[in-house]
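Every heavy atom of this structure was used, including side-chain atoms; hydrogens, water molecules and symmetry mates were not.
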Amino acid sequence: MKPFAYVNPANEKEAVAALSKEHEKALPIGGGQDLLARMKDYVTQPDRLVNVKNLDATVTRVNGGLRIGSAMKLVDVADHPEIGRLYPALAAAAIEVGTPQIRNQGTVGGNINQRPRCWYFRNEEFVCYKKGGNRCFSPEGDSQLHAMFGDGLSYNVHPSSLAVPLGAYDATFRLLGPRGERMVRAADYFTMPTKENVERENVLEPDELLTHVILPAPGPPGTVKSGHYEVRYKASHDWPIAFATVLLAMNGSTVQTARVVMGAVAPVPWRSQAAEKALTGKPVTPQAAVAAAEAALTGAEPLSRNAYKVQVAKTAVERAILQAAGLPIV
């Protein structure tokens, strides 16, 4: 591992100042589950690390919703009673991450901002687009876990488990930098890989921090139902093959509005308006869930070795819908 300096700021202002030092590549470190692994593999080689584990890790009520500090541990998100009551899909996603050891170390900000888990990106011998190269190796290589949606240059899938329910709940991220703070909706935070930004996955600038996640009021009790379903090869210490978060705003037994967001199928959390349209204005039945799942995968373009993910993603969407509606999953 390349030698680096370590800064332990006392507050947000000091953390931003440490990230903004000229002529040095500085990165924030929370739980370090992703960053340290990349450093050991010489994929990422910063000059300094800025510890952000001691920044805000609390949950506070704001305008009927919640404001979550990005230093909050994943295990605390999964166990927090208010998060579980108001945003159950977020708690469900947090408890699915990694292993108990990882959840006790990993933070909200780290999970949202982790880099792709693509094996070509993670191998120092492959200089792909993400590392300043001129190609993506996955279309002609081993693409079994790669993207099926998106026309970008890179076919990695977004690795964050929390990003999908946060998108479904229409969360807002507070970003802080030397130019002040700015608020960015989760839907606008993650970016598709293009020629201009292929080496990044979001709009966070190098001298900025993601300090808080703000969740809006969930609506009247009992009117908004949610489901979160993940499919993976093994139950623990594995990333999902495909997963989905579904929110249903109900008017009696009829879906008034729906939100369907999929994970592990595109370089960003992938919202399916076709699936939402298939659900809106109808009661939720097993047949309606199947039809919406089919609609969700319309337009999928699998690579040479991941066509199986189409059916896996359909299953995740269908079961998330059934879970949201309180119907049995068979």
Side-chain angles (χ1 to χ4, degrees), residues 6-20 26-35 49-98 100-114 159-190 202-218 269:
Y6 185 80
V7 182
N8 195 25
N11 51 50
E12 290 180 349
K13 183 178 179 180
E14 289 185 7
V16 169
L19 287 174
S20 305
L27 291 174
I29 181 168
Q33 308 297 293
D34 175 25
L35 177 57
L49 297 183
V50 180
N51 176 28
V52 294
K53 291 188 288 289
N54 298 322
L55 301 187
D56 189 14
T58 64
V59 176
T60 54
R61 295 298 296 265
V62 178
N63 299 323
L66 295 180
R67 172 174 156 134
I68 301 172
S70 64
M72 189 175 189
K73 300 291 181 63
L74 298 178
V75 66
D76 296 326
V77 174
D79 293 342
H80 197 279
E82 285 291 276
I83 294 175
R85 181 175 67 86
L86 298 174
Y87 311 98
L90 180 60
I95 199 64
E96 293 274 6
V97 174
Q101 294 91 333
I102 290 173
R103 292 191 292 273
N104 275 278
Q105 280 291 111
T107 63
V108 170
N111 186 272
I112 293 170
N113 290 319
Q114 64 183 297
S160 172
S161 295
L162 301 189
V164 171
L166 289 174
Y169 284 120
D170 198 21
T172 297
F173 299 154
R174 177 183 180 258
L175 312 184
L176 182 66
R179 296 160 297 281
E181 71 171 27
R182 59 188 178 121
M183 309 296 282
V184 180
R185 291 180 59 222
D188 301 322
Y189 183 73
F190 304 102
N202 54 57
V203 301
L204 188 70
E205 296 295 338
D207 57 359
E208 286 185 314
L209 285 173
L210 191 165
T211 66
H212 294 87
V213 171
I214 298 95
L215 290 154

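Taken from CD1 in Ile68 to CG in Asp56, the straight-line distance is 10.5 Å, to the nearest 0.5 Å. Atoms CD1 and CG, on Ile102 and Leu74 in that order, are 9.5 Å from each other to the nearest 0.5 Å. Taken from OH in Tyr189 to CG in Leu175, the straight-line distance is 5.5 Å, to the nearest 0.5 Å. In this structure, Ile214 CD1 and Phe173 CZ are separated by 9.0 Å, a value rounded to the nearest 0.5 Å. From Glu205, atom CD reaches atom OG of Ser20 across 11.0 Å, with rounding to the nearest 0.5 Å.
For Ala57, the side-chain contact (heavy atoms from CB on, under 4.5 Å) criterion is met by Ala71, Met72, not counting sequence neighbours. Listed by chain and residue number, Arg38, Arg117, Arg122 satisfy the salt bridge (charged side-chain N to carboxylate O under 4.0 Å, His left out) test with Asp34 (two or more places apart in sequence, or in another chain). The salt bridge (charged side-chain N to carboxylate O under 4.0 Å, His left out) test applied to Asp170 returns Arg185, not counting sequence neighbours. Taking the side-chain contact (heavy atoms from CB on, under 4.5 Å) definition, one finds that Pro28 meets it with Leu19, Val52, Leu209, sequence neighbours left out. Every residue was checked against the side-chain contact (heavy atoms from CB on, under 4.5 Å) condition with Pro216, not counting sequence neighbours, and none meets it.
Val16 is not listed as a side-chain neighbour of Asp207, based on a closest heavy-atom distance of 4.5 Å or more. The side-chain heavy atoms of Val203 and Asp188, taken from C-beta on, include no pair separated by under 4.5 Å. With a 4.5 Å cut-off on side-chain heavy atoms, Ile112 and Asn202 do not count as touching.
Pairs of residues two or more places apart, or lying in two chains, that qualify as salt bridge (Lys or Arg N to Asp or Glu O under 4.0 Å) and include a residue from residues 65-82 are Arg61-Glu82, Glu82-Arg85.
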side-chain contact (heavy atoms from CB on, under 4.5 Å), that's the test. Do Thr211 and Leu55 meet it? Break it down for me.
CA-CA 8 Å; Thr211 66; Leu55 301 187; 5.7 Å; no
Assess the residue pair Leu90 and Val77 against the criterion (side-chain contact (heavy atoms from CB on, under 4.5 Å)); give the C-alpha distance rounded to whole Å, side-chain angles, the decisive distance to 0.1 Å, and a yes or no.
CA-CA 8 Å; Leu90 180 60; Val77 174; 4.2 Å; yes
Kindly indicate, with the supporting measurements, whether the criterion side chain to side chain donor-acceptor pair (under 3.5 Å) is fulfilled by Lys53 and Asn51.
CA-CA 6 Å; Lys53 291 188 288 289; Asn51 176 28; 3.2 Å; yes
Can you check salt bridge (Lys or Arg N to Asp or Glu O under 4.0 Å) on Arg182 and Glu208, steps first, answer last?
CA-CA 10 Å; Arg182 59 188 178 121; Glu208 286 185 314; 2.8 Å; yes
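Panel note: side chain Glu96, backbone Ala93; no donor-acceptor pair is recorded below 3.5 Å. Listed for the Asn113 side chain is a donor-acceptor partner under 3.5 Å among the backbone atoms of Gly109. Using a distance-only test at 3.5 Å, with no hydrogens or angles considered, no donor-acceptor pair links the side chain of Asn63 to the main chain of Gly65. Side chain of Thr172 to backbone of Met183: no donor-acceptor contact under 3.5 angstrom is found. For the pair Tyr169 (side chain) and Ala89 (backbone), a donor-acceptor distance under 3.5 Å is present. Under the 3.5 Å distance criterion, the side-chain polar atoms of Asn111 are matched with a main-chain donor or acceptor of Ser161.
Scanning both residues, Val213 and Leu210, for their nearest heavy atoms gives CG2-CD2, 4.3 Å. Residues Ala18 and Ala26 approach most closely at O-CB, 3.9 Å, considering heavy atoms. Nearest heavy-atom pair, Ile29 versus Leu35, reported as atom, atom and distance to 0.1 Å: CB-CD2, 3.9 Å. The shortest non-hydrogen separation linking Pro269 to Val164 is CB-CG2, 4.2 Å. Taking each heavy atom of Gly64 and Pro218 in turn, the nearest pair found is O-CD, 3.7 Å. Residues Ser160 and Ala163 approach most closely at OG-N, 3.0 Å, considering heavy atoms.
For the side chain to side chain contact (heavy atoms under 4.5 Å, CB included) test with Asn8, the passing option among Asn54, Leu49, Val50 is Asn54; the others fail.
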